[in-house]
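Remember, predicted model here, so these are calculated numbers, not experimental data. Along the sequence shown, the residues carry numbers beginning at 1.
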Amino acid sequence: MSTVLSVDVGKSGCRAVLFVDGVRTAGSECPGPSGLADPAGMDSAVAAIGTAVGDITAGSVDALGVGLAGLAQSPGTARELARRLANRHGTHRVVLASDMTTSHLGALGGHPGVVVAGGTGAVALAVSARGETARVDGWGYLLGDAGSGYDIGRRGLESALRAHDGRGGSETLRVRAAKRFGDLDRLSGLVHGAVNPARTVAAFARDVLRAAQEGDLWSRRLWTEAGIELAHTAAAAASGMPEGADVAVSATGGLFDAGELLTRSFEAELGRILPQARLLPRRGDALDGGHLMATHDDLPHEPLLIRHEGESR
C-alpha cells in the first residue's frame, strides 16, 4: 500500500490530503503560516503543515509533496525545510515546489504547457517538454498582478469613489462599497491601515462580480478587461515554448469561478494573440500536483522541484 501526503501551503490557508494507492482519502485545512522570508517563516511553515497533517494521520508515510507560496523567493530555506519535514513526518522522500508549480502540475496532469492562475494575485507558468520554464507576472499588487482579484477590486473601488465624489463612476459599486466598508470618507484609512491591504481590496472583487451579474456596465467592463490581461500573461509565458507546436493552456484559481464574465474575453483574446493555444479544462488542483511530484521523478517540471531523498524506512 502506497501512502502519500500532499500539502498546499498558502498565506491564507494550509490544506493537506492523504493519498492511499493514488486515491484521495482524508483531508484537512488550517490557517496558513507567515511568509517563508519572515524571520520565523520556516518554523511557521513546519508548524502549519504539522497541524494540517496531524488531523489526517499520526503515522509515517511513503512520501510528502508540498507546494508553498513564497518558496521561489526563498530558495535558501528549501533544503533545510525538506530535511525538517522528513524527520518530523517519518518519510524518506520529501519534494518541495512553489504553489504555482504544484498548480501547474495539477491543472495539466504533469504535462507541458501553460497554466495561468488568477486569485488575489495573477501569474502564469510555462513548462516545456524539455524542462524549460518561464514565469510571467506574479510581481505582487504594488508592481503587477494584472487582471487579478486585487486589480479588479482596486478598480472597482476607484469607480465607487468616483461616484462618491461626483466624478462619474458606478453608482452600483458606490452602494456596494458603502455596504461592505461603511462610510466611504473613511475607506482610505481602512484600506491603508489593514493588516493585509491586498486581501482587503481583493475582497471587493466579489461585489464587482455581483454587480456585473446584475448588469452594471462598469463592472462588466472590469471583468472583460481582466480576462484580456490574463490572456496576455498566458501568451507571454507561452513565448518560450517550441514554435509551431500547439500549446496546452489551462487556468486555475478562484477568479475563474466568475465564469463567462471572465472566460469569454480571456478565450477570445488568447485565440487572437496565440492561435496555437489549445485550451484545456483543469484536470486537478495543487494537491493533485503535490501527489504527482512526490510519486514521479520523470516530470518536465524537475528543474523547479527540490527533492530530499533519505534512507528508506
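For the side chain to side chain contact (heavy atoms under 4.5 Å, CB included) criterion with V208, the lone passing option out of T172, L157, L222 is L222.
The local environment of CZ in R186 is sparse, with at most 12 non-hydrogen atoms from other residues, nucleotides or ligands closer than 6.0 Å. Within 6.0 Å of atom CD in E260, 12 or fewer heavy atoms from other residues, nucleotides or ligands are found, so the atom counts as exposed in its surroundings. Counting non-hydrogen atoms of neighbouring residues, nucleotides and ligands closer than 6.0 angstrom, the CG atom of L217 reaches no more than 12 such neighbours.
Relative orientation of the F181 and F204 rings is tilted, given thresholds of 30° and 60° on the angle between their planes.
Without hydrogens or angle criteria, T102 side chain to G67 main chain gives no donor-acceptor distance under 3.5 Å. Looking only at distances, a side-chain donor or acceptor of D151 sits under 3.5 Å from a matching main-chain atom of G147. Under the 3.5 Å distance criterion, the side-chain polar atoms of R135 are matched with a main-chain donor or acceptor of G138. In this structure, the side chain of S159 does not engage the main chain of R155 through any donor-acceptor pair within 3.5 Å. S250 places a side-chain N or O within donor-acceptor distance of the main-chain N or O of L280, the cut-off being under 3.5 Å. Not one N or O on the side chain of S98 forms a donor-acceptor pair closer than 3.5 Å with the backbone of L71. Side chain of H104 to backbone of G113: a donor-acceptor contact under 3.5 angstrom is found. Here the side chain of R93 pairs a donor or acceptor atom with the backbone of A294 at under 3.5 angstrom. Between the side chain of D137 and the main chain of T233, no donor-acceptor pair closer than 3.5 Å is present. The backbone N or O of V127 sits nowhere less than 3.5 Å from a side-chain atom of T133 that would complete a donor-acceptor pair.
The side-chain heavy atoms of S219 and L209, taken from C-beta on, include no pair separated by under 4.5 Å. In this structure, D288 and R283 have side chains that are not in contact, with every pair of non-hydrogen atoms separated by 4.5 Å or more. Side-chain contact check for T224 versus F266: every heavy-atom pair is 4.5 Å or farther apart. Considering only heavy atoms from C-beta on, V61 stays 4.5 Å or farther from F19 through its side chain. Proximity of H92 to E309: side-chain heavy atoms (C-beta onward) are separated by under 4.5 Å at one or more points. The shortest distance between side-chain heavy atoms of H308 and R79 does not fall below 4.5 Å. Contact annotation: the side chain of L187 approaches that of L161 to within less than 4.5 Å [non-hydrogen atoms, C-beta and beyond]. Residues D99 and V9 fail the side-chain proximity criterion, which asks for heavy atoms closer than 4.5 Å.
A side-chain donor-acceptor contact under 3.5 Å links H164 and D185. Side chain to side chain, D145 and S148 fail the donor-acceptor criterion of an N or O pair below 3.5 Å. Checked by atom type, the side-chain pair H232/E269 shows a donor-acceptor distance below 3.5 Å. For the residue pair S170 and D216, a side-chain donor N or O sits within less than 3.5 Å of a side-chain acceptor on the partner.
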Determine, step by step, whether L230 and L255 satisfy the side chain to side chain contact (heavy atoms under 4.5 Å, CB included) criterion, reporting the C-alpha distance in whole Å, the side-chain angles of both residues, the deciding distance to 0.1 Å, and the verdict.
-> CA-CA 11 Å; L230 293 170; L255 211 60; 4.1 Å; yes

Residue pair R15, D285: steps toward the salt bridge (charged side-chain N to carboxylate O under 4.0 Å, His left out) verdict | CA-CA 11 Å; R15 300 183 299 148; D285 64 8; 3.6 Å; yes

Going through the distances and angles, do R162 and D165 end up as a salt bridge (charged side-chain N to carboxylate O under 4.0 Å, His left out)?
-> CA-CA 5 Å; R162 281 183 173 275; D165 287 342; over 6 Å; no

T91 and D62: side chain to side chain contact (heavy atoms under 4.5 Å, CB included), yes or no, with the steps?
-> CA-CA 6 Å; T91 178; D62 297 312; 5.6 Å; no

Stepwise side chain to side chain contact (heavy atoms under 4.5 Å, CB included) check, I152 with W223 = CA-CA 7 Å; I152 294 169; W223 281 96; 3.6 Å; yes

Intermediate values then yes/no, salt bridge (charged side-chain N to carboxylate O under 4.0 Å, His left out), D207 and R180 = CA-CA 9 Å; D207 297 276; R180 176 177 287 272; 2.4 Å; yes

Evaluate the side chain to side chain contact (heavy atoms under 4.5 Å, CB included) criterion for residues V249 and R278: first the C-alpha distance (whole Å), next the side-chain angles of each, then the deciding distance (0.1 Å), finally the verdict.
-> CA-CA 6 Å; V249 178; R278 182 165 46 94; over 6 Å; no

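Look at D43 and R84 and you find a salt bridge, because one of the NZ, NE, NH1 or NH2 atoms lies within 4.0 Å of a carboxylate O, short of that distance. One finds a salt bridge joining R174 and E171 here, because a Lys/Arg side-chain nitrogen approaches an Asp/Glu carboxylate oxygen to under 4.0 Å. The pair R221-E225 meets the salt-bridge criterion, since a charged nitrogen lies less than 4.0 angstrom from a carboxylate oxygen. Of the charged side-chain nitrogens involved, at least one lies within less than 4.0 Å of a carboxylate oxygen, so that E214 and R176 count as a salt-bridged pair. Comment: R307 does not engage D297 in a salt bridge, judged by the lack of any side-chain N to carboxylate O separation of less than 4.0 angstrom.
In plain terms, the two heavy atoms of G227 and S265 that are nearest each other are CA-OG, 3.4 Å. When all heavy atoms of A82 and V94 are compared, the pair lying nearest together is O-CG2, 3.9 Å. Annotation for G290 and S6: closest pair CA-OG, 3.4 Å, computed over non-hydrogen atoms. Across all non-hydrogen atoms, the minimal contact from C30 to A48 is SG-O, 3.5 Å. Nearest heavy-atom pair across V20 and T3 is CG2-CG2, 4.5 Å. The two residues G110 and P300 make their nearest non-hydrogen contact at O-CD, 3.5 Å.
Here the straight-line distance linking atom OG1 of T252 with atom CG of D257 works out to 9.0 Å at 0.5 Å rounding. Separation of atoms CG (L85) and CG (L5) is listed at 10.5 Å; rounding is to 0.5 Å. Atom CG of L305 sits about 6.5 Å away from atom CG of L105, to the nearest 0.5 Å.
The hydrophobic cluster containing V114 does not contain M100, counting ILVMFWY residues as joined when their side-chain heavy atoms lie under 4.5 angstrom apart, directly or transitively. Hydrophobic clustering of Ile, Leu, Val, Met, Phe, Trp and Tyr side chains at less than 4.5 Å, counting indirect connections, keeps V115 apart from L274. In the hydrophobic clustering of this structure, L262 groups with L270; members are Ile, Leu, Val, Met, Phe, Trp, Tyr whose side-chain heavy atoms approach within less than 4.5 Å, directly or through other members. Both L81 and I306 are members of a single hydrophobic cluster when ILVMFWY side chains are connected at heavy-atom separations under 4.5 Å. Linking Ile, Leu, Val, Met, Phe, Trp and Tyr residues whenever their side-chain heavy atoms come within less than 4.5 Å places L68 and L64 in a single cluster.
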